[in-house]
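A short write-up of the structure that comes next.
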Amino acid sequence: METVAPFAEAVVEIQRAGAESTRLCFQCGKCDVSCPWNKVRDFSIRKIIRQATFGLTEIENDDIWRCTTCGSCPSICPRGVGQIEVSVALRRVAAEYGIYPESAAAVRGACASLVAEGNPLHAQRATRAEWAQGLGVKAFSEGTELLYFVGCYLSYDPRMKKVATATARILQHAGVDFGILGTQESCCGESIRKTGAEQEFKDLARANIKTFIDHGVKRVLVSSPHCYHTFVNEYPEFMVHFEVVHISQLLAELIADGRLELHGELPKKVTYHDPCYLGRHNGIYDEPRRVLASFPGIELVEMADTRQRSLCCGGGGGRIWMETPKSERFSDLRVQQAVATGAELLVTSCPYCITNFEESRLSLEGDGVLEVKDLTEVVAEALAGPQDASS
Amino acid sequence: MSAAGVERVAGSGFADVMVVGGGISGIQSALDLATSGFRVFLVERAPTIGGKMAQLDKTFPTNDCSMCIESPKFIECDRHPNIEILTYTEVDAVEGSAGDFTVSLVKKARYVDEEKCTGCTTCVEYCPLEIPDPFNQELSPNKAIHIYFSQAVPLVPYIDESCLFLKEQKCSICEGVCTTKAIDLHQKPEKLQLKVGAIILAPGYEVYDPRLRGDYGYGAIENVVTSLDFERLLCATGPHEGEILRPSDKKHPHKIAWIHCVGSRQVLAGTNSYCSSVCCSYIQKQVILAKDHDADTEAVIFHNDIRSYGKDFERFYKRAANLPGVKFIRSYVSIGREIPETKNVTIRFATDADGVQEEEFDLVVLGVGLAPPTKVERLARQLGIELNAHGFCTTDPTNPVQTTRPGIFVGGAFQGPMDIPESVVSASGAGAMSGALLKSRRGKLARDRHYPPERDVSEEEVRVGVFACHCGANIGRVVNIPSLVEYCQGLEHVAHAEEGLFICSTDAAQQIAETIREKRLNRVVVAACTPRTHEPLFRDTLREGGINQYFFDMANIREHCSWVHSKEKEKATQKAKDIVRMSVARTLSLEPLEEFDLPVNKTALVVGGGVAGMTSALSLAEQGFEVELVERERDLGGIARRLHTTLEGLDVQAFLHDLIRKVYRHQLIHVSHEATITDVSGYVGSFVTTVRTEGRTRTIRHGAAILATGADEHRPDEYLYGSDERVLTQLELEERLAAGDEAVTAADRLVMIQCVGCREENRDYCARVCCNQAIKNSLALKKIKPEMEITILFRDMRTYGFAEDFYLEAARRDVKFVRWDGGDKPQVEATAEEGAPVLRITVPDPILGQRLALDAELLVLSVAVVPARGSQQLARLFKVAMNPDGFFQEAHVKLRPVDFAADGVFLCGANHYPKHLTEAISQAYGAAGRAVTLLAQDTVTASGSVCEVTEEECVSCGACISACTYGAISWRETAKGSKAVVNPALCKGDGLCCAKCPTDAVVLKHYTNREVFDQIDAALADPWSPRASQQGVQHDV
């Protein structure tokens, strides 16, 4: 066994970057047993914490980039260690030194794209609102009741644009007064912050906040749980307080108020996946289920690892941009769990989850075994008749 | 039903003390106080006294049957004229002040009249409604009307609220079948108002409910059970009569997992941050017992520190760990999944070097923690006492028995999670405090026990009664009891033979007394369990039956038969018959023996003037007794002189100063300094101790003695201690800190090594205090110099109980912790780094998989606490026992933790075992309380089973005198020369002298040659006829 000495200067840097909670760890192993990585390979967040405690972090290693920030381990840690904060702190140090291993190289590109164009997908800011063309979606102005903050994936990703479209249709059908910021919308910054790019996050956040204030935004509707999370939990660091609602909450509200009636049947076995950032991080488990339960004829079944135990799709923590080898994808396991329930349709409410599940779906045995849909897509299909895009 | 011949307080609404809570702690308080001359109400909200201990199968570390050591105390309480038991009763409000409380209580409706009920259980038989049995953790059914458990006191059923009549006015069968019209379905709760001078709160604890957070699938996955569920499964009176059958398919599990710290040591909402103190040991106990049940059982224990800090715990741990098929894995776990086909459960755990593993188990047992009792906030409000942040009783660290309201004391686990001995100790301590408060009332309300007159049976023909016990399924499942009874009926001189399910229950015991009278029995054999626990109870029963108690013999057909031959039922039954036949033969020659009343000198001697000794002395004095306190040093104070703080922040020196002052000022305490005890003679009630003190010799006459001689600090010869001045012990560090030594505060880096000189081969116990001391000193250092780097190298962090919070606090202050294995010790070298001298401590870190080299300016060793020098000599003087580690050995590790087996001598403090200051204080009060149960009497009764010399036969050889280790035999000058004479007060009845005597001049009463030979003859001959032996038939022996 080799002998090493604690590296005091490294400890100071790591602690300063936000890893104070490493001191609380008493190496019980509970984090490792709940970490989804250990379903696909060996990975020890416990060891990462231990190394950070003594300044012995292997800063060039893949391992500090593995955490998807799913929140499983902090939710059961007996000592209250902030494993996510520690992971982010280590990444901040790595980012400061510009050290990115091969597997995390894509993060740099995403970061550059965010700085240049306000989105991580190497798309142009100018085309951010193209998805809404011809849909009769208005621009947000002071006095508009609800800002629909679309988010990067829904604005640019071909698969996710369908979700944006469905969302807009639903809002119009229900007569909701909403508007979008279009090209003035920048990425919420949640995921890039988790890759240690603290300054870039601050810049994005401040830009968005200024835009919100300038437009008199009060209530914000989001489609992505990641946008939800940062607006609710992190933007207040800048001393602002906007009212934020996730689409699943709004749908539940609209259905309960009778402003949305679902006429289409859904005679299928359906299962719902709790996105980490909606469920575990923000406690929203029931509203999406209530929405699904309103469908006549639906049979809603629960997968193993449901609710607080939901299995991460692998997209958080910036990993949506990174390549994960096929044999190491949690989302493969998740779609298998969906199939195991006998469900024909896997519904969720997060762009990262949908992206990952769509890809994992392709690796399932047999064709057409499982459909993956966003909650809004399912709802939109069930609205009665074709609707005029009014106002 | 009241036991015959015992008067009741019934009707009067006042007594001296009310004990709220009838678990082992409440029972102990009640018995101590009642014996010391006070009238006690023992109030319990369950239908019977007993508490959690009654639900346990066995108790660690001795694995005694829990009910067997507890239930004789139920009957003692029941028969004690100074105790009134109020069950199914709750406290509603308390008004008044210390010395004069008015307590309002509500006696819940049992729907059964206790006076009329005979405990026949016919109602139970006829009741149509089955409910989950609360005593058996709802794992098996019972009827809506039932007796809580078989040894219940009172032995009266109660009706559960789910009764069909109570809910829907349907069904009243039980009322109809009761032959004494004892059932009253319209019974209303009764309000009581009782006046007492003091209150002892002993409401115990509740186990943590894993259903609150759905921990580990409890409630959803069938084969996940709690440790208390498992305790019932283990128990012969449990859901499956002692067969460990798992819930899903009632099959025997072969691979069982135990999970530590369920609900404890966590900061998550709905959990408790403290350590529950007892789970590590109770899990080891369950593992050992599970292996007893089935030697092929595989057991895996998942933990994060093994807290074997108590007396004999470390050896118990090793015992469990060394069993084949038992693995201890250091990892908290999560449930993988329940396998639908088999209902097995998988557990995911982390390893040091092999990632996360998953293993499958037949059964998972959750080591649930201890929580405050249910409705504790209400209880606190009603009693006007404060609770601490964890919901347990707030106590004063300098007096853990005192609540925040004067006159209300606390005993047992309501102080905080604790083991049974600590519970019993605090109970006696609460008794002592009550006794001090009410000392002027001692004896005023007390009643004496009255037995029926003893019948002279000398002219009667021998009529033996044999009572054979099933002991639930313990004996009955192996030995064919009906066949045994039939056999007994055929034995000569047996006039009566019967069987019983639990002869130790109040009802059955009383039946024996009645049968003795009715059938004119003059000998009694109880074929059941062990005389160690039950002989006193049955001897007392013979007195109730009107015959001399020495006409009793106990045939052990459990430990000596059913428990060791459980797989050979026929042979076991035959052996049981042999054993009973031998007992019957023995009883024929038994003589009625008188017990001696010895006078009690009311002065107490306390040996040792440390905190424990002084606290004891003060408590005794405050209870009105004279105390001679002898201390071998020039100053009082003991090891506390070297302590300055405690974890809780006590200013030890101020406390000590205050305590010493109180001791000197109390007129009943006489202190001798620089004292050496040169001789101890006499016996309980009349000791004579010779002390050499400050140049003079004093002779002290006293009735009781408390040994409080403390312990010493081990001086290690490793880790450079002694050769490098930068290496200190924790006590040395503390002294230097208090003195403001700059060499300490100048250190930038400090390392502590735990377990120095203990938990190793030649000293295999845990010194208990060191983990707390390390944390305490670390926190003190961090306060002075927050940037000091402190690393503690530990094997297990044993910050049990509420100290766990301080472990977390230390972590918050950035104290680092590195775990090392027993086999790979830290290496220390004095070296230099960049020209500056450093101590380099190298230790492997199991998670890093690397050795850490820690440089430090100071190295502090947590060294073992060892027995005080001179302990052995003191033990010889007082004729008390020592344990393998050299600490004093108490009479019973669980239920008599401050008594010595030698009557009249007690112990407290670190000489019993290393302990924290607060624990020493608690034990000191406990010892004082126990000593007063003796000192409050005018006389004490000594056993009749003692030796006696027939002078004419004595040839004055002196062999008996040299054989006796109690010094009970001496020379007496007679006209015919020196003859041996036995002092019956000192004689312990071991019979060594009888074995040595060449002329059989000395005889051990109750174990005469005749009695023993008859027993042997009966063993060898079946049928055995007493006439054969009388004719002097020779046997080859």
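Residue B/Val843: no heavy atom, backbone or side chain, is found under 4.5 Å from chain A. Of the atoms belonging to A/Phe54, it is side-chain heavy atoms, and not backbone ones, that fall under 4.5 Å from chain B. Proximity to chain B is limited to the backbone of A/Cys77, based on heavy atoms less than 4.5 angstrom apart. Of the atoms belonging to A/Ile49, not a single heavy atom falls under 4.5 Å from chain B.
In this structure, B/Leu268 and A/Pro78 have side chains that are not in contact, with every pair of non-hydrogen atoms separated by 4.5 Å or more.
Ranked by heavy-atom pairs shorter than 4.5 Å toward chain B, the options A/Cys35, A/Pro6, A/Gly80 are led by A/Pro6. Among the candidates B/Val815, B/Ile347, B/Val267, the residue making the largest number of heavy-atom pairs closer than 4.5 Å to chain A is B/Val267. When the candidates B/Ala853, B/Gly355, B/Gly214 are compared by the number of heavy-atom contacts under 4.5 Å with chain A, B/Ala853 comes out ahead. Most heavy-atom pairs under 4.5 Å with chain B, from the set A/Cys28, A/Ala5, A/Gly29, A/Cys25: that is A/Cys28. Between chain A and the residues B/Pro844, B/Pro846, B/Ala810, B/Ala350, the most heavy-atom pairs under 4.5 angstrom are made by B/Ala350. Interface check for chain B: of the options A/Leu24, A/Val33, A/Ile76, the most heavy-atom pairs under 4.5 Å are formed by A/Val33.
For A/His246, the ring-ring contact (aromatic ring centres under 6.0 Å, His included) test picks out no residue, with sequence neighbours left out.
The 12-atom threshold is exceeded at CD of A/Glu237, counting heavy atoms of other residues, nucleotides or ligands nearer than 6.0 Å.
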Can you pull every donor-acceptor pair closer than 3.5 Å across chain A and chain B?
residue, atom, partner, partner atom, Å
A/Glu2, O, B/Arg851, N, 2.7
A/Glu2, OE2, B/Gln850, NE2, 3.0
A/Val4, N, B/Arg851, O, 2.7
A/Val4, O, B/Ala853, N, 2.7
A/Arg23, NH1, B/Arg812, O, 3.0
A/Cys28, O, B/Tyr332, N, 2.8
A/Lys30, NZ, B/Tyr216, OH, 3.1
A/Lys30, NZ, B/Val333, O, 2.8
A/Val33, O, B/Arg348, NE, 3.2
A/Arg46, NH2, B/Thr351, O, 3.2
A/Arg50, NE, B/Asp845, OD2, 2.8
A/Arg50, NH1, B/Phe817, O, 3.3
A/Arg50, NH2, B/Phe817, O, 2.7
A/Arg50, NH2, B/Asp845, OD2, 2.7
A/Pro78, O, B/Val267, N, 2.8
A/Arg309, NH2, B/Ile335, O, 3.3

